[in-house]
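Contents: one structure, followed by commentary.
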2 protein chains.
Amino acid sequence: MTVTLADVAARAKVSPATVSRVLNGNYPVAASTRARVLRAVEELDYVLNGPASSLAAATSDLVGILVNDIADPFFGIMAGAVQSEIVGPGGRAGGERLAVVCNTGGSPERELTYLTLLQRQRAAAVVLTGGAVDSAEHNAAMTAKLRRLTDAGTRVVLCGRPPVPGTGAVALAFDNHGGGQRLTEHLASLGHRRIGYIAGPPSRTTTRERLAGHRAGLGLGEGEGPDELVVHGSYDRQAGYDATIELLRRDPGLTAVLAANDTVALGACAALRDQGLRIPQDVSVAGFDDLPFSVDAMPALTTVRLPLFEAGARAGRIAMGREEPPPGGIAKVRGELMVRGSTGAPRRDGAASR
Amino acid sequence: MTVTLADVAARAKVSPATVSRVLNGNYPVAASTRARVLRAVEELDYVLNGPASSLAAATSDLVGILVNDIADPFFGIMAGAVQSEIVGPGGRAGGERLAVVCNTGGSPERELTYLTLLQRQRAAAVVLTGGAVDSAEHNAAMTAKLRRLTDAGTRVVLCGRPPVPGTGAVALAFDNHGGGQRLTEHLASLGHRRIGYIAGPPSRTTTRERLAGHRAGLGLGEGEGPDELVVHGSYDRQAGYDATIELLRRDPGLTAVLAANDTVALGACAALRDQGLRIPQDVSVAGFDDLPFSVDAMPALTTVRLPLFEAGARAGRIAMGREEPPPGGIAKVRGELMVRGSTGAPRRDGAASR
DNA sequence: CTGTTAGCGCCTTCAT
DNA sequence: ATGAAGGCGCTAACAG
């Protein structure tokens with residue numbers, strides 16, 4: 001029924017071994033033989049059986065990419081960048097590796113499940129993007145799982161998430177703390193004192209680091225000072241909207257709102273407008289990430305630009321062994337403060353009118 | 001070295017076949033035996049070898065998703081929706097299917113290459129999203145390739161792209177023509193007569209259909225009437241910016257700009273603003289797709305909402321055989337006109353001041 | 001319900 | 001540079 005390598009061999013009047021060598025190109029084959037084989041492949045419309053060759057060779061050309069939400073450009077950009085770097089040697093058609101993008105939805109269980117599935121596929125490499133859930137239990141499970149993967153020869157790269165010690169996984173961590181701090185210092189230098197903070201889900205490393213940076217920018221130490229101007233929510237627009245209403249309720253005199261990311265910031269902007277407040281005259285707003293749409297918001301969003309594409313591309317190259325991992329297997333990726341129209345000096349009277 | 005099914009069998013004192021049956025759950029096994037096997041799996045930390053089982057069973061749990069650009073939410077939303085529907089029966093961990101997301105970058109060659117790669121992996125199903133390149137050559141190649149896939153038992157679903165006759169592929173096509181037409185009629189009813197159109201790449205079906213709808217809305221027949229107010233570009237923000245400048249050059253008296261999609265529309269808005277033109281007082285702008293950020297533009301973008309998530313989810317279900325394909329294997333997915341702040345009546349004087 | 005027996009299609013030493 | 005042969009790890013009939 002389905003044409004196999006043996007069929008090709010028969011038609012080309014060579015042994016299966018020779019066909020295999022031609023197809024994999026990892027071995028010297030006479031030009032004339034190669035041509036004959038290739039022609040037979042054409043004529044028979046032969047397509048290699050991936051599972052069979054993976055089984056025999058004990059390797060696979062699958063590369064896993066874990067993301068929290070593929071519909072979010074934050075992850076889409078990184079996933080696309082990783083993918084652009086995992087093409088096979090020569091970039092030839094057929095020599096390529098396939099990216100398996102796994103949508104975890106931010107769930108630790110699904111994250112682990114997908115890693116098992118990738119392990120089952122004997123993935124050549126795995127790239128985990130974005131923040132991690134930071135609980136002792138999940139950390140332990142992840143450590144075990146990642147170690148097993150690296151032990152089995154799968155290269156593991158963390159892109160935009162903190163290192164997992166003792167696993168052999170390379171980490172390109174975003175400087176969320178520094179970014180959060182710079183953002184807050186920017187607002188403070190403008191004269192803001194009552195700054196609301198819309199944080200992401202409490203358990204995520206990204207949330208914690210950005211919030212810690214914010215608090216550091218405020219001059220607060222660990223666990224010090226009041227939290228009444230911090231509201232947690234998910235990383236979406238609606239959460240930004242709701243949190244802003246809540247912050248305004250807690251302190252109508254707010255002069256600035258710092259959001260967990262740009263998407264949340266857009267929700268915050270919408271809420272402020274619906275409350276009749278002007279940006280930035282009445283309330284300044286800032287986001288994080290600098291996604292493509294952020295510059296098109298009105299006014300354009302002040303934010304911290306994270307080099308998502310570059311980081312993803314680097315992760316992809318490291319995963320493919322085409323670039324040296326950073327010393328110690330850990331690199332910190334800095335963000336750049338982008339000051340735009342959505343932040344300005346606070347109103348003189350200090351109280352936003354509703 | 002690596003633990004195999006036989007090792008588990010030995011430890012559980014059963015035959016390999018029994019272990020396989022427990023793991024696949026497709027066969028009656030005594031509860032006590034199952035428990036014993038499961039314990040052995042735990043103790044040995046055994047992970048099934050995917051390639052081996054795919055080879056033996058002649059099936060795989062990989063599902064391909066082809067997208068033009070995974071960083072674009074238009075595709076990200078569909079990909080995420082497909083992925084949410086391809087979980088295995090019971091939704092159990094391990095019973096899942098893996099989504100292989102392939103970024104074609106809009107290149108016909110890469111599209112074909114990825115299909116071959118998926119064919120090689122013996123993918124259970126393939127979903128192709130977004131517009132296709134519409135050339136005789138590529139159509140022929142795609143027809144051949146898709147037929148081969150469906151012949152091999154791979155379910156193929158086209159999501160947001162026109163049918164490919166004679167292939168057994170199910171198509172959920174977006175009503176781009178109708179959307180384009182309604183958008184233009186909306187502008188016309190507002191009193192606009194000089195409408196610029198920023199089209200996507202000329203060869204894509206999406207571009208052609210939307211543009212044809214626009215021309216129909218203008219009351220023009222096929223190939224009839226002047227094209228001086230149509231500019232082609234890629235589907236990105238910069239293209240929208242550049243095209244708008246060009247349109248303004250061609251006709252400074254323009255009162256409206258229709259963009260190929262929302263992203264392009266944002267670029268158009270930026271260009272208009274940079275030219276000192278107000279939206280919609282001087283020039284109305286409309287997009288297409290209704291991506292999440294469109295409602296946050298200022299003013300909010302008038303556009304055509306495409307049910308991307310719903311369509312992707314349906315495509316996923318059909319691909320998994322969990323939903324009947326539409327009659328004839330073809331369904332048209334309609335868009336909904338969303339009238340928002342970016343469109344309004346044209347200026348009385350009819351000429352935009354620069 | 002469980003064990004036995006053959007392959008699935010390819011890669012890879014080992015020869016030649 | 002090419003051929004021969006064994007096995008990668010698992011599943012799918014068949015028996016029992």
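Below, read A as the first sequence line, B as the second, and so on, with proteins coming before strands; counting in each chain starts at 1.
Comparing atom distances between the A/Ala57 side chain and each of D/dT11, C/dG9, C/dT12 picks out C/dT12 as nearest. Distance from the side chain of A/Ala17 is smallest to C/dT12 among C/dG9, C/dC8, C/dT12. Taking only side-chain atoms of B/Leu48, from C-beta outward, the nucleotide of D/dT11, D/dT2, D/dA1 with the closest atom is D/dT11.
A straight line from NZ of B/Lys13 to P of C/dG3 spans 12 Å, rounded to a whole angstrom. In this structure, CZ of B/Arg36 is placed 8 Å from P of C/dT2, rounded to the nearest angstrom. Atom CG of B/Leu23 is separated from atom P of D/dG9 by 15 Å (rounded to the nearest Å). Protein atom CG of A/Asn26 is 14 Å distant from nucleotide atom P of D/dA1, rounded to whole Å. If you take CG of A/Leu5 and C1' of C/dT12, they are 13 Å apart, rounded to a whole angstrom.
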Side-chain donor-acceptor pairs under 3.5 Å in residues 156-171 of chain B, sequence neighbours left out?
residue, atom, partner, partner atom, Å
B/Arg161, NE, B/Gly130, O, 3.0
B/Arg161, NH2, B/Glu111, OE1, 3.0
B/Thr167, OG1, B/Val164, O, 2.7
B/Thr167, OG1, B/Ala169, N, 3.2

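Remark: B/Thr33 is not in phosphate contact with C/dC1, judged by side-chain N or O atoms under 4.0 Å from OP1 or OP2. For the OP1/OP2 pair of D/dG3 and a distance below 4.0 Å, the side-chain nitrogens and oxygens of A/Ser15 include at least one atom meeting the criterion. Contact check, A/Ser20 against C/dC10: no side-chain N or O comes under 4.0 Å of OP1 or OP2. OP1 or OP2 of D/dC8 has not a single side-chain nitrogen or oxygen of B/Asn49 nearer than 4.0 Å. OP1 and OP2 of C/dC1 both lie 4.0 Å or more from every side-chain N or O belonging to B/Thr18.
Within the nucleic acid shown, A/Leu55 comes within 4.0 Å of at least one base atom, counting heavy atoms only. Residue contacts for A/Val14: at a heavy-atom cut-off of 4.0 Å it reaches the sugar-phosphate backbone alone, with no base atom in range.
The distance from atom CD1 of B/Ile70 to atom CD1 of A/Ile70, rounded to the nearest 0.5 Å, is 4.0 Å. With rounding to the nearest 0.5 Å, the separation of OG in A/Ser15 from CZ in A/Arg21 is 6.0 Å.
Between the side chain of A/Thr154 and the backbone N or O of A/Ala125, no donor-acceptor pair lies under 3.5 Å. In terms of modelled atom types and a separation under 3.5 Å, the side chain of A/Ser20 and the main chain of A/Pro16 share no donor-acceptor contact. Here the side chain of A/Arg120 pairs no donor or acceptor atom with the backbone of B/Gly50 at under 3.5 angstrom.
Put simply, the side chain of B/Leu98 does not reach to within 4.5 Å of the side chain of A/Leu62, judged on heavy atoms.
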Could you run down the sub-3.5 Å N/O contacts of the protein with nucleotides 14-16 of chain C?
none

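Nearest-nucleotide mapping onto DNA chain D: of A/Ala30 and B/Asn24, the residue sitting toward the 5' end is A/Ala30. Take the nearest nucleotide of DNA chain C for B/Pro16 and for B/Arg122: the residue whose nucleotide is more 5' is B/Pro16.
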